[in-house]
Amino acid sequence: MSAAQDETKGARVVDVLAPVAVDVTYSYLAPPALGLEPGDSVKIPLGAREAYGVVWSVEKTPSPRSNLKTVTARLERPTLSQKLRDFIDWLARYTLTPRGMALRLATRAAEDAAPDAARLLYRATGSKPERLTPTRARVLEAAEGGMSFAKKALAEAAACSSGVIDALVDEGAIETIAAPPEPVAAALDPDFTAPVLEPAQQVAAEALTQAVHARAFKPFLLEGVTGSGKTEVYFEAIAAALKDGGQALVMMPEIALTAQFLERFAARFGEKPAEWHSGVSERKRARIWRGAATGELSVVAGARSALFLPFRHLRLIIVDEEHEGAYKQDDGASYHARDMAVVRARFEDAAIVLTSATPSIETRVNAERGRYGHLRLHARAGSRPMPILDPIDMRVEGPQRGRWIAPRLALAVGETIARGEQALLFLNRRGYAPLTLCRDCGHRFRCTQCDAWLVEHRFRRALVCHHCGHTERRPDTCPECGAEDALAACGPGVERLAEETATLFPDARILVLSSDFPGGAERLRRELDEIAKGAFDIVIGTQLVAKGHNFPLLTLVGVVDADLGLGSGDPRAAERTFQLLNQVTGRAGRGDKPGRALIQTFQPEHPVIAALLSGDAEKFYAQEIALRERAGLPPFGRLAALIVSGKDAATAEAHARALARAAHELPRSPRYRVAALGGLPDADEIMMLGPAEAPIGLIRGRFRYRLLVKAPRGADVQAFLRDLIAAAPKERGGVRVQIDVDPQNFM
DNA sequence: CTCAGTGACACT
DNA sequence: GTGTCACTGAGA
């Protein structure tokens, strides 16, 4: 018997899933000594390189095959539980993502999880260095008493750089000792602070704690207006999970929101939870990943990707602000984190709580039909009253031409700031003006890449495409007719609104909050702090201001254009507008004094605006749900978006057309309809949904078109999509299809 | 004829 | 995802 045969004799065959864009597992020989079980991580040869993979199954009766490669080694990583592996398989199938890519979502953080490099501590040995400079003396003095310090701490204490310490180590005056790795997060105390709950909160909290203790899958919608105390309620559910020795995951839509949350959490549980988002260092994420797997970590608060952490005993998931669009992931695997969280909870036999002041339609329907428990907090905690809403009919009492603030709104702002209170003007449009045209020849500035109007950004002296990001300098003369000083800005953006506000209130301290201003989350946090301290009288903001930030001094909200977004042809336009305006107007009010919101609109009788003004959310939900049901829109019909991309607009469009053609040639139930949401004007086989408004975005250097597939409830839209992708023409390269399923009915 | 750039393809 | 290979067009 040869040595090679000897080696393979008795070897087992394992099926390994590698984190690559492949849907199948690969089989490898595994030395029995490794004792591999499903969920174990292994090092494997893959093509020309070494990769890692996760054992998905161990073949009981391996069929004889030649040419199998052999697992190189076992990786010291926590085992991925059966529950997590099932979830990965499910998600891959549901989102039409290769399973390897789904696996990668769950293991990417572990790629950096080198076993913790020993942290080095420094302490004095007692021996003196050859040359004792004043700086060195300071270091030795600081290190006196046998205490050991982190290098950085010691350097800081001695006010020197770490180089000095290195030199002292070389000369033997300082020694290094290995320290145990720092714990990822401190232990949490479920009884650190006794909760103070109002009766309605108490009822909801009890329902949740019961569900957590039951250790079974149970979804809830926790619905309550801004300030009704939803957080305190779900803190009790977290406390219940902790008392049972379980883990909890809190998902947040925005990084900017986490800071505030962490503070409140620490006040309730004594310590902050582990924080998980793209801003956290890779090294730290790797440790959180391990901490979740070992059970050492009990609560993680984070963004979408936290959903894939390998929790050991997950008892509870919270999805905060469940209606937020930020839960939708679009590049790579595309999934809706809120819905996938529900599925994860099902696999983990955990409770899950979706919270919102303005739930999404699908969640409301699920709650109303009894699939989710429905917990409601009607009043604001501490009896803070709801703001008073007041429409301004722009047809009757609008501002003069070229102005955007109606006299009555201006008056209200003036009174508010005269009382030393804050006013917020809300306009969901970045930049100075959404359209620039030439008064002489009528030329309109359009994006050369995707045909959308270019938005003027006056601060930057630029014209920017909000669709694809294309930017050009704003010229002084018309590029069409050469006329000078003939370019006119049409319509308002926040920058222009700031200009008008400054003219109306020259002495007011005005701040514009817009996501495109430089400085990022850091600056935003600082500015929000300053607002809370009263450093500004008038805040002008885009939808950024709707996202759950606290404005304690705000008493007046002016919605400058409530109609914006209602006519966009997006099937979710009504829902989005209602949510946005509700969140924004809900910011008004201080203490027990009701706030006031003035709403400028050209169509006060529009169902969405009317429902908003009536303050009756029930009315809105009832009418929107009825409408969706009639139109077969989600959640009553299934909508999937195929995102087709190409290296330039023309290629992308060609691919989109080819795919649409393939869709119509595919044998299928006539109940499927494939539509282009704008942008494919003469393709007669394509049903148009909404106006053509160039739905292309430039993402990572590629142009994207969006095609919609609509299928009624019960239809196997995934099977259709799978066939469609298979039938998609692959010639000339670059048909990349991403499926963005609006997932319904997956339970 | 070489070389960088682009895609298609396979990976057990 | 990533390494390899074939093919292309530009330049020596």
Side-chain angles (χ1 to χ4, degrees), chain A residues 4 7-8 11-32 34 36 38-75 77 80 85 88-89 91-92 95-113 278 282 285-286 305 308 329-335 643-652 654-655 658-659 662 699-704 725-739:
Chain A
E7 202 177 281
T8 53
R12 296 197 289 168
V13 177
V14 291
D15 296 330
V16 176
L17 189 59
V20 299
V22 164
D23 200 49
V24 298
T25 55
Y26 290 146
S27 307
Y28 289 86
L29 294 172
L34 292 183
L36 292 178
D40 290 338
S41 293
V42 288
K43 203 187 262 186
I44 46 168
L46 184 70
R49 69 208 140 104
E50 281 253 288
Y52 73 88
V54 174
V55 177
W56 228 242
S57 58
V58 178
E59 294 185 14
K60 291 209 178 66
T61 50
S63 55
R65 268 165 295 187
S66 54
N67 299 336
L68 286 191
K69 291 186 183 174
T70 306
V71 168
T72 321
R74 183 202 182 100
L75 287 176
R77 282 191 199 168
L80 292 199
R85 281 178 282 130
I88 288 167
D89 281 339
L91 179 127
T95 60
L96 305 177
T97 309
R99 283 149 90 211
M101 284 293 92
L103 171 69
R104 191 157 189 275
L105 292 172
T107 55
R108 189 162 32 186
E111 289 172 14
D112 306 297
S278 58
E282 288 186 356
R285 274 192 288 186
S305 53
F308 298 95
Q329 162 91 38
D330 245 348
D331 56 297
S334 63
Y335 59 89
I643 296 149
V644 183
S645 71
K647 66 176 177 0
D648 53 43
T651 322
H655 291 333
L659 192 70
I699 299 201
R700 285 217 223 123
R702 294 183 71 86
F703 284 83
R704 319 206 313 168
I725 293 167
K730 296 237 164 37
E731 83 278 358
R732 268 194 289 160
V735 179
R736 280 202 201 166
V737 183
Q738 293 180 321
I739 305 300

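The figures that follow rest on heavy atoms only: side chains count, while hydrogens, waters and symmetry mates do not. In what follows, every chain begins at residue 1, and chains take the letters A, B, ... in the order their sequences are listed.
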_I need the A/Arg285 CZ to A/Arg108 CZ distance, nearest 0.5 Å._
8.0 Å
*Heavy-atom count around A/Glu50 CD within 6.0 Å, excluding the residue itself: above 12?*
yes
_Test item: A/Trp56 and A/Ile88 side chains (from C-beta on) under 4.5 Å apart, heavy atoms_ = yes
_Identify the stems formed by DNA chain B, where each pair is Watson-Crick or G-U wobble with both distances under 3.5 angstrom and a stem is at least 3 consecutive pairs._
B:1-11 with C:1-11
N/O-N/O pairs, protein side and nucleotides 10-12 of chain B side, under 3.5 Å:
from, atom 1, to, atom 2, distance (Å)
B/dC11, O3', A/Gly47, N, 3.3
B/dT12, OP1, A/Gly47, N, 3.2
B/dT12, OP1, A/Lys69, NZ, 2.3
B/dT12, O3', A/Ser27, O, 2.8
B/dT12, O3', A/Lys69, N, 3.0
B/dT12, O2, A/Ser27, N, 2.7

*Given A/Asp40, which of A/Arg74, A/Arg85, A/Arg77 fulfils the salt bridge (charged side-chain N to carboxylate O under 4.0 Å, His left out) condition?*
A/Arg74
_Atom-pair distance (CD1 on A/Ile44; P on C/dG1), nearest Å_ = 16 Å
*Please round to the nearest 0.5 Å and tell me the distance separating atom OG1 of A/Thr95 and atom CD of A/Gln329.*
10.5 Å
*Quick one: pull up CD1 in A/Ile44 and OH in A/Tyr52 and give me the separation to the nearest 0.5 Å.*
10.0 Å
*Of the non-hydrogen atoms in A/Arg49 and A/Val20, which two are nearest, and what is the gap between them?*
NH2-CG1, 4.2 Å
*Is there a side-chain contact between A/Thr97 and A/Tyr335, using heavy atoms and a 4.5 Å cut-off?*
no
